[in-house]
Amino acid sequence: MNPSVDLATETAEVVPTHKLRCSPTAHDAGGGGINVARTVVRMGGRCTALCPAGGPTGDWLRRRLAEEGITSHIVPTAEDTRVSFTVHENRSGQEFRFVMPGPLLGEAEWRACLDAVSALDPFPGLVVASGSLPPGVPEDFYARLARLVRTRGSRLVLDTSGGALDAALREGVFLIKPNLRELCGHLGHELPDRASQLAAMHRLLAEGRCEAVALSLGHRGALLATGEGAWFVPPLPVRTLSAVGAGDSFVGGMVWSLARDESWPEALSWGVACGTGALLSVTTGLCRAADALSLREQIRLEPQPWEPPDLPHSGHK
């Protein structure tokens, strides 16, 4: 719902006041869902990127998606699509990420996005909603989307945070992919260890908020909990060049695997492989298929102590 034109550059040192001479700028189509689509297509999958976009930046976004071989359905907006940028500081190796809020969408525009999803024919087996909501879009937008997707017998994968996540979980979704900070924010308390994290995930499933939770733990690995079991994947030893899009690549790897009817442990493995692969690409490059294939061979799955919860009937296929 909040795509962007992502710019990335490098400079020797980020300091105030002075002009900062930068390297040539990389331009990529970005935003949570767009990055997921880019990952799926790179892994050989097929998907449609549906998003609102407007102005010259929106036109550029449409062209860039076509160049990357991604089918898109653009809902036109009166205001311009946002531009965000990342600056890599060569002296320290640190990354500075500047993320804009996005255009103000009117009610007719955000409702048109729901209508566009509803009109998809054939309706997809997996719908992924990823990223923030732009100004003007109600906090319960993803909850409305979850209701729509469920009535069509499909499954919603959600990667968002704050009030948008809270509202969607009250409605119920198929899979959520929070990081630890986002999950703690939803619960209102810290989860300091593996046992507390698994207990929180178990509670979400038992209450019917979702059918699976993929919890990304950054440099500490990732956890997955479903009605079938729970698994942990330790972090892979790689040198991080950029963290941009790592979470989106994780989601892309998971949904690519799930769309191939692979098991939950396989989906987690591909999620970690793609998410880790994104760390190897400078700035907005995301995961390369060759890196994901290589990293997948290094994945070590660790089953966790788990008592499957009694899952409420979801209506999902």
Side-chain angles (χ1 to χ4, degrees), residues 36-37 39-47 123-130 146 149-150 153-159 172-179 183 194 197-217 220-236 246-278 287 289-317:
V36 172
T39 302
V40 168
V41 169
R42 288 183 181 193
M43 294 302 296
R46 294 184 296 111
C47 64
F123 202 84
L126 284 167
V127 176
V128 181
S130 180
V149 169
R150 185 167 59 249
S154 184
R155 300 168 292 173
L156 179 67
V157 177
L158 181 64
D159 183 10
V173 301
F174 173 61
L175 165 66
I176 60 170
K177 200 290 301 173
N179 59 35
L183 183 58
R194 183 86 52 82
Q197 293 157 11
L198 286 169
M201 297 161 79
H202 190 282
R203 188 162 59 252
L204 286 172
L205 270 61
E207 293 174 352
R209 308 298 183 188
C210 55
E211 295 183 45
V213 183
L215 179 62
S216 58
L217 300 169
R220 288 170 288 181
L223 270 173
L224 172 67
T226 75
E228 301 173 11
W231 301 267
F232 173 71
V233 172
L236 299 178
D248 301 327
S249 294
F250 183 105
V251 176
M254 282 203 73
V255 298
W256 172 75
S257 177
L258 290 172
R260 289 155 52 91
D261 292 324
E262 294 182 340
S263 68
W264 282 115
E266 274 294 303
L268 175 61
S269 297
W270 281 113
V272 172
C274 290
T276 305
C287 169
D291 290 332
L293 291 168
S294 174
L295 292 165
R296 174 63 185 84
E297 299 300 316
Q298 304 175 40
I299 297 292
R300 189 176 80 252
L301 276 166
E302 299 179 2
Q304 301 296 291
W306 187 249
E307 183 68 31
D310 294 325
L311 296 178
H313 179 65
S314 67
H316 289 125
K317 290 186 178 179

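Throughout, residue positions are numbered sequentially from 1 according to the sequence presented.
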Flag the pair [X] / [Y] as yes when at least one side-chain heavy-atom distance between them is below 4.5 Å, and no otherwise.
| X | Y | answer |
| --- | --- | --- |
| Ile176 | Leu204 | yes |
| Trp306 | His202 | yes |
| Phe174 | Val127 | no |
| Gln197 | Leu183 | no |

Steps toward side-chain contact (heavy atoms from CB on, under 4.5 Å) verdict (Arg194, Gln304): CA-CA 10 Å; Arg194 183 86 52 82; Gln304 301 296 291; 2.9 Å; yes

Looking only at atom types and distance, does a side-chain atom of Trp231 sit under 3.5 Å from a main-chain N or O of Pro265, one as donor and one as acceptor? no

Does any N or O in the side chain of Thr226 come within less than 3.5 Å of the main-chain N or O of Ala212, such that one atom is a donor and the other an acceptor? no

How would you list, by chain and number, every residue that makes a side chain to side chain contact (heavy atoms under 4.5 Å, CB included) with [X], sequence neighbours excluded?
| X | answer |
| --- | --- |
| Val233 | Leu268, Val272, Ile299, Leu301 |
| Ala214 | Leu175, Lys177, Leu224, Phe250, Met254 |
| Leu293 | Trp270 |
| Ser294 | Gln298 |

Sequence neighbours excluded, every pair satisfying salt bridge (Lys or Arg N to Asp or Glu O under 4.0 Å) that has a member inside residues 248-258: none

Those residues at least two apart in sequence (or on a different chain) that pass salt bridge (charged side-chain N to carboxylate O under 4.0 Å, His left out) with Glu302 are Arg300

Rounded to the nearest 0.5 Å, how far does OG of Ser249 lie from CZ of Arg42? 7.5 Å

Quick one: pull up CG in Leu236 and CD in Glu297 and give me the separation to the nearest 0.5 Å. 11.5 Å

Ser257 versus Glu262, side-chain donor and acceptor atoms under 3.5 Å: yes

Looking only at heavy atoms, which two atoms of [X] and [Y] are closest? And how far apart?
| X | Y | answer |
| --- | --- | --- |
| Gly227 | Pro308 | O-CB, 3.2 Å |
| Ala222 | Phe232 | O-CD1, 3.2 Å |
| Cys274 | Ala292 | SG-CB, 3.9 Å |
| Leu126 | Ala259 | CD1-N, 3.9 Å |
| Ala278 | Ala246 | CB-CA, 3.7 Å |
| Val213 | Met201 | O-CE, 3.3 Å |

Walk me through it: do Cys210 and Leu205 pass the test side-chain contact (heavy atoms from CB on, under 4.5 Å)? CA-CA 5 Å; Cys210 55; Leu205 270 61; 4.0 Å; yes

